[in-house]
Amino acid sequence: SHKRSTRQREAENMASRLRAMASIVKKIPMKRTEKEVRELALCLSHFPKFLPSVAYGDSLRLVVASRAIGEITHKESCSLPGGGGFYLILQGKVERISKESLIPCELGPGCAFGDIETDYLPKSADQFQTCEACVLMRVTSFDYHKATEQCLRDIQHEKTSVVKECPLLKHASFTVVEKLAEAITWDTQREGQVLVREGDNIERVGFIQEGTCTAFAQVPNTRLKSAQVMVGVLKPCDCISEGLLRGVSTQLYTVVTTSRVRIGWVPLKAIHAAEIDKHIPTGNPLALPIYDKEELRHIYAKRIMANHWKKIKSTIVSEVVQAKSGRHQGV
């Protein structure tokens with residue numbers, strides 16, 4: 001009963017999405033509002049076989065949603081044109097006539113078909129005709145290829161920007177920036193995640209696009225084995241594991257996310273291939289200073305003293321308030 005009700009809800013949600021999409025695609029692309037385009041793109045995310053976003057992210061769906069054509073057939077046995085990209089059935093049914101089989105196959109709302117081959121939707125040379133009046137969403141071959149080209153440009157621009165905006169690389173050549181950008185893989189982490197640990201080998205460098213992180217260092221020769229000191233905060237445009245760019249091969253600090261972050265990681269191999277160390281002037285400041293053991297001990301001691309003084313000050317204030325309160329009651 002529970003499974004049946006779940007399936008029923010899913011079917012109702014699917015039908016609702018298809019109705020919403022049908023009402024939007026009936027408008028010509030130029031007359032769609034930004035809100036309608038975004039709504040259509042969101043609905044498309046539920047049809048990965050029609051429009052996968054493995055390589056392009058959500059941007060491809062947005063572009064397609066602004067270009068897709070709505071086709072309405074008012075009768076059955078209406079042959080759909082060949083060489084026309086691919087279709088998503090929103091309302092009605094379509095019959096698939098295969099050359100290998102004489103038995104027609106019926107496709108209903110939510111099914112996709114066409115003659116553009118993607119990772120999820122194989123290219124089809126079959127013939128298709130409507131079984132009844134239908135509303136179809138069509139993406140032409142021209143629009144699909146234009147959309148993918150635009151998305152690739154946008155993706156490359158996004159990667160190039162996050163590298164170029166890093167203060168350490170502001171004097172790097174365009175060639176170096178492009179090489180690093182091409183090697184980027186995106187990663188999103190929630191708050192409280194450890195990104196790198198002090199003492200581990202550096203295997204990649206990260207460029208922060210969104211969010212913030214905090215860096216901690218172990219304090220040597222303290223009575224508390226787990227004693228740590230915060231050495232700084234990393235924000236957008238800063239670099240994780242930047243010590244590698246100064247010839248350090250192990251992580252100097254442990255870095256923990258303090259919000260949701262999006263990071264572009266570049267592997268060690270790409271860093272070496274770009275010979276990035278030759279393009280960083282020695283005067284370029286690091287986002288996190290490199291402290292030696294004595295400096296870390298000094299910072300730790302200073303913060304311990306500050307905490308002690310804060311507690312003493314709080315106690316003195318509390319006692320003064322109590323004394324004044326008692327004197328007032330005595331009067």
| task | Please lay out, stage by stage, how Tyr144 and Phe86 fare under the test ring pair (Phe, Tyr, Trp, His ring centres under 6.0 Å). | result | CA-CA 9 Å; Tyr144 178 77; Phe86 48 55; 5.3 Å; yes
Strictly below 4.0 Å, N to O, side chains only: are [X] and [Y] in salt-bridge contact?
| X | Y | value |
| --- | --- | --- |
| Arg38 | Glu34 | yes |
| Arg260 | Glu210 | yes |
| Asp238 | Lys235 | yes |

| task | Could you tell me which non-hydrogen atom of Leu195 sits nearest to which non-hydrogen atom of Cys213, and how far apart they are? | result |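 Looks like CD1-SG, 3.8 Å.
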Taking the side chain as everything from C-beta on, heavy atoms only, tell me whether [X] gets closer than 4.5 Å to [Y].
| X | Y | result |
| --- | --- | --- |
| Asn13 | Arg17 | yes |
| Tyr253 | Leu234 | no |
| Val25 | Arg32 | yes |
| Ser161 | His157 | yes |
| Val266 | Ile271 | yes |
| Glu95 | Cys131 | yes |
| Gln91 | Pro109 | no |
| Leu180 | Val205 | no |

| said: Distance check, rounded to the nearest 0.5 Å: Thr185 atom OG1 versus Ile263 atom CD1? | reply: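 Here the rounded value is 10.5 Å.
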| task | Taking salt bridge (charged side-chain N to carboxylate O under 4.0 Å, His left out) as the test, write out the residues that go with Lys27, two or more places apart. | result | Glu36
| message | Testing the 3.5 Å rule here: is there a donor-acceptor pair between the side chains of Asp187 and Gln189? | response |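 A donor-acceptor contact under 3.5 Å links the two side chains.
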